[in-house]
Amino acid sequence: MAQPSKEPCKKEACDIQACLTKNNFLPQRCQKVIELLQSCCEKCKNDSMHCASVSGLLKQIAKK
């Protein structure tokens, strides 16, 4: 069986999901972990499937 590929920023994306679940899906309560994902995406030049969602989350925070 093939090994799953190492996906950059997966841990950060999972941390966001856990935070959102714990905080009634209010992204403003998870701003710190969202910023960690953004930082990870910048480091890997957005070469992660998890980076697509970070801009939408940041826009939701900005609206509040």
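These numbers were taken from a predicted model, which means no experiment stands behind them.
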Close side-chain approach of F25 and Q60, heavy atoms under 4.5 Å: no
Distance (rounded to the nearest 0.5 Å) between C30 SG and L57 CG: 9.0 Å
Nearest-0.5 Å distance, OG1 of residue T21 to CD1 of residue I16: 11.5 Å
Residue pairs passing the salt bridge (charged side-chain N to carboxylate O under 4.0 Å, His left out) test where at least one lies in residues 13-37, sequence neighbours excluded: K11-D15
V33 vs E12 side-chain heavy atoms within contact, under 4.5 Å: no
Identify every side-chain donor-acceptor pair in residues 39-56 under 3.5 Å, counting partners at least two apart or on other chains, and give the distances.
from	atom 1	to	atom 2	distance (Å)
S48	OG	E7	OE2	2.7
S48	OG	P8	O	2.4
S48	OG	H50	N	3.2
S53	OG	H50	O	3.4

